[in-house]
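Just so we're clear, the structure is a prediction, and the values are computed from it rather than from any experiment. Proteins come first, then strands; the chains are lettered A, B, ... in the order of their sequence lines, and each starts at number 1.
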There are 2 protein chains.
Amino acid sequence: MSRSKPTIDDVARVAGVSRATASRVINNAPGASGPLRVRVHEAVARLGYRPNEAARALASGRPRVVDVIAVSCNLPGGWLGSNPYYGRVLAGMMPLLEGIGAQLRVHALTHESAAESLDEIAAGVTLGAVLSDITPALAARFHRRCRRVVSLVPTAETVPAMVADNIGGAYAAITHLHRLGRRRIAAIHGPAASTCAADRRIGHLRALQRLGAAEISAEAAFTREGGYDAAQRLLAQHPDLDAVFVACDLMAAGAVQALTAGGRRVPEDVSVIGFDDSVAAICANPPLTTVRLPVEEMAAAAVRLLLFGDIAPGHRQQFPAELVLRQSTARRDARGS
Amino acid sequence: MSRSKPTIDDVARVAGVSRATASRVINNAPGASGPLRVRVHEAVARLGYRPNEAARALASGRPRVVDVIAVSCNLPGGWLGSNPYYGRVLAGMMPLLEGIGAQLRVHALTHESAAESLDEIAAGVTLGAVLSDITPALAARFHRRCRRVVSLVPTAETVPAMVADNIGGAYAAITHLHRLGRRRIAAIHGPAASTCAADRRIGHLRALQRLGAAEISAEAAFTREGGYDAAQRLLAQHPDLDAVFVACDLMAAGAVQALTAGGRRVPEDVSVIGFDDSVAAICANPPLTTVRLPVEEMAAAAVRLLLFGDIAPGHRQQFPAELVLRQSTARRDARGS
DNA sequence: GATACGGGCGAGAGCGCTCTCACGGGAAGC
DNA sequence: GCTTCCCGTGAGAGCGCTCTCGCCCGTATC
């Protein structure tokens, strides 16, 4: 009647088998069978035994932890608190991990400490890491030290990645605005250092080229304030703009506020399309039409690859972007009064 | 020139000391001194040695992981992805943990699996757990199995907690609306099962009583849709309402949309105050006046208690709520046009 | 009936680290 | 000069688990 937690030896003793057999049963490994399995399971239940993860990790060399790493590109204030995108990443991974009893470790790094912390994580025991917002150089460095890694953003070529079709999403957004009859389409892009932002810009430019339209754009940080200020600037320079494509919902929400403050009605006077389909999109008023990336699925796919897959350098899997229509691009004739 | 990771034995050999001394130096423990410290540090640097966390945890029985647990009360879709509040919790904890090399494990549980998963976590090795959205019964159960736990919501009395002044915050919000001249103040509350929601309602009722005003309120889930629908209902029943206090920004954003759709101008016709000061508050249009809880500080305090403190059952620390003024309650006379 | 084979099971050796304890030598006390 | 003490150091015993290896016994093969 010891007070301390039962160990596998206790289980083995109670079940009347060897520790090895107990281990086999507990891990569902072959080589133990029939009545013994039952006895071990009974003992586990009776003692309330729970395997010690640290011991498992140490003995097997195979940990059950997945790391999620984000290096704030332009949000020194800490990305987690300010961008709802990351919540979707975690939410997407959770069910899979829960399912196999693996755990999720979160790392939010700033640029200053990133390199060192990344080395630390790479050197540690991990099932693998999912990189979220990170520069190609850092991603490549991490990949060199730890092969079990998947990026959720387009990054250095060698690093395996689940990439969303940012280019196609932006292209579809611009095309949609054009189809609505908009001819003075402005864009607010994210910081050029972000690979996502860069891809969204490419899609934007391609669409413009195809449509034979001129570029009107501004660059801003991925924050509401960034979007607000950029929209104000655009409005000052191009008072006749009738649509804004914004590379992130958070910025788009700010842009809508700036447009409203500038006396424009959304969507009657100006159509707005955001990007990400985050909580910011549904909280904006009016709710934002946005480009939805299957973030949860991408995160889940990353975990699946990490856990069960064969991670080849340069592995890439693309996910489609989808335009989610909400009021910020509602047709003028579809609005009452 | 082994290919595998250096161990502490390698460090000891290179430094010409015993493993024990190497361990002492690496852990900054007393009992090793002078030149030996230098030699060990040199060896560590030369080999690129990183301690194996699993082995450390096993040998010392003292893990370096803090668990964050949230049980979605009314958001079966997974809270993480949909409520920006949690991002702030994680962001608040991160710097402290990074500082001492501890890690953050995230658990998002659903009600069905909560009990079992909680037992699992309680039985595992952890520096302690921070409970976020959880019912008192589950919190108490967890606390019984694992003393190192701090809740971020008011919960069972025995469970140590960092609690925000939800009552005072709601009271201040209602009082502020009244001071603005609003006399038909409605409220949208969260689900009664949530202790936070309950406290906010208490503050609301207290203020009403003090002001001699009648209660107009509705209950909804902590989602945008919940807020939207509740606002619509309130508007139908009380077309003359001139203010709405909403127990969560996400709901408040929905409420603003419903008010706008119902032909009301915010803040000219109806003042709106949200709760939490989350990203939803700044993304709403107009941006929401809201009750800010020092979530980051609370989370940090919880971690500090877990790491360094003396956790007595029933320990409680209260944090003030602060009204953040934004446009959704701007004075009518302060608006142009 | 003797030999070969195979699958179930147990013994035991680590995984990399922490921590206790015993030892040795130098400083302090008489 | 001897004892006492203490501090710095090293040896070694685990922490709880996984996994390899070899034993044993039951079945198949001739």
Side-chain angles (χ1 to χ4, degrees), chain A residues 2-41 43-44 47-65 101-103 120 123-127, chain B residues 2-41 43-44 47-65 101-103 120 123-127:
Chain A
S2 155
R3 216 68 205 84
S4 59
K5 291 180 184 168
T7 72
I8 199 172
D9 286 295
D10 298 324
V11 172
R13 192 155 17 79
V14 168
V17 300
S18 75
R19 195 189 331 142
T21 298
S23 173
R24 278 189 271 261
V25 173
I26 289 163
N27 291 294
N28 234 326
S33 196
L36 287 203
R37 296 198 100 86
V38 176
R39 282 185 11 224
V40 170
H41 280 132
V44 166
L47 296 173
Y49 168 77
R50 306 272 175 176
N52 176 320
E53 283 305 329
R56 273 190 163 173
L58 178 58
S60 68
R62 210 180 331 99
R64 318 209 172 192
V65 184
Q103 305 180 315
E120 187 103 23
V125 279
T126 178
L127 273 174
Chain B
S2 156
R3 217 69 206 82
S4 60
K5 293 181 184 168
T7 72
I8 199 171
D9 286 296
D10 298 324
V11 172
R13 192 156 15 80
V14 168
V17 299
S18 75
R19 195 187 335 141
T21 298
S23 174
R24 277 189 272 263
V25 173
I26 288 164
N27 291 294
N28 234 327
S33 196
L36 287 202
R37 294 197 103 85
V38 176
R39 290 203 342 242
V40 170
H41 279 131
V44 166
L47 296 172
Y49 168 77
R50 306 273 175 176
N52 177 321
E53 283 305 328
R56 274 190 161 174
L58 178 58
S60 69
R62 209 177 335 97
R64 320 210 170 189
V65 185
Q103 306 179 316
E120 186 103 23
V125 278
T126 177
L127 273 175

Side chain of Ile8(A) - closest among dC17(D), dG12(C), dT18(C): dC17(D)
Candidates dC19(D), dA13(C), dA11(D) - which lies nearest the side chain of Ser18(B): dA11(D)
Candidates dC17(D), dG16(C), dA11(C) - which lies nearest the side chain of Asn52(B): dG16(C)
Distance in angstrom units between Leu36(A) CG and dG7(C) P, rounded: 17 Å
Which nucleotide in dA11(C), dG16(C), dG10(D) has an atom nearest any side-chain atom of Leu58(B): dG16(C)
Interatomic distance where CD belongs to Glu53(B) and C1' belongs to dC17(C) [whole Å]: 10 Å
Close side-chain approach of Lys5(A) and Arg50(A), heavy atoms under 4.5 Å: no
Contact under 4.0 Å: Arg56(B) side-chain N or O vs dC17(C) OP1/OP2: no
Short side-chain N/O contact from Thr21(A) to OP1 or OP2 of dG10(C), under 4.0 Å: yes
Atom pair distance, as rounded to whole Å: CZ in Arg50(B) and P in dC15(C): 22 Å
d(CG, Asp10(A); P, dG16(D)) in whole Å: 9 Å
From dT18(C), dT18(D), dC9(C), nucleotide with atom closest to Arg24(A) side chain: dC9(C)
Considering all heavy atoms, the nearest Pro6(B)-Leu47(B) contact: CG-O, 3.5 Å
Closest non-hydrogen atom pair between Val65(B) and Thr126(B), with its separation: O-OG1, 3.3 Å
Sugar-phosphate only, base, or nothing, as touched by Pro30(A) at under 4.0 Å among non-hydrogen atoms: nothing
Shortest non-hydrogen contact from Asp10(A) toward Thr7(A): OD2-N, 2.8 Å
Sugar-phosphate only, base, or nothing, as touched by Arg19(B) at under 4.0 Å among non-hydrogen atoms: base
Residue Ala20(A), side-chain atoms from C-beta onward, closest of dG12(C), dC17(C), dC17(D): dG12(C)
Pair of N/O donor and acceptor under 3.5 Å linking dG8(C) base with Arg37(A) side chain: no
